[in-house]
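A quick note: this is a predicted structure, and the numbers were derived from the prediction, not measured. Side-chain atoms are counted along with the backbone in the values below, which use heavy atoms only and exclude waters and symmetry mates.
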Amino acid sequence: MENRANGTADARTQMENGQSPDPASWGVADVVEYFRAAGFEEQAPAFREQEIDGRSLLLMTRNDVLTGLSIKLGPALKIYEYHVKLLQTQHLKVNAV
């Protein structure tokens, strides 16, 4: 699911893994699995602990990811920039049509 060069995931791989490409329909377990598959094995449980489902993920701000999940700064920055922000943008584009 991950492009190792920049840490991004594509929708085709999400469908192959049984996840809907629209994160708004993801449950907490789907969010955790998404981040595990993206290479954030150590950080993924933080999403379960905070009960972050797909809708919550799409509402997260940079500050939420950096401080609210209690994970190290480096991985938190990558999670936000390469995943949360990307998923939010994709979701908005799909639903704007």
Under the criterion ring-ring contact (aromatic ring centres under 6.0 Å, His included), which of Tyr82, Phe47, Tyr80 is the partner of Phe35?
Phe47
Scan residues 63-75 for pairs that pass side chain to side chain donor-acceptor pair (under 3.5 Å), counting only residues two or more places apart or in two chains.
Thr61-Asp64
Between [Y] and [X], is there a side-chain heavy-atom distance shorter than 4.5 Å?
X     : Y     : answer
His83 : Lys78 : no
Leu77 : Arg62 : yes
Phe40 : Ile71 : no
Arg36 : Pro45 : yes

Among Leu87, Val32, Ile52, exactly one meets side-chain contact (heavy atoms from CB on, under 4.5 Å) together with Trp26. Which residue is that?
Leu87
Could you work out, with salt bridge (charged side-chain N to carboxylate O under 4.0 Å, His left out) as the rule, every residue matching Arg48, not counting sequence neighbours?
none
For [Y], does its backbone N or O pair with a side-chain atom of [X] as donor and acceptor, under 3.5 Å?
X     : Y     : value
Gln50 : Leu69 : no
Asp30 : Gly27 : yes
Asp22 : Ser25 : no

How many angstroms lie between CG in Leu57 and NE2 in His91, if you round to the nearest 0.5 Å?
10.5 Å
Taking a hydrophobic cluster as the set of Ile, Leu, Val, Met, Phe, Trp and Tyr residues connected by side-chain heavy atoms closer than 4.5 Å, whether directly or through intermediates, do Leu66 and Val84 fall within one such cluster?
no
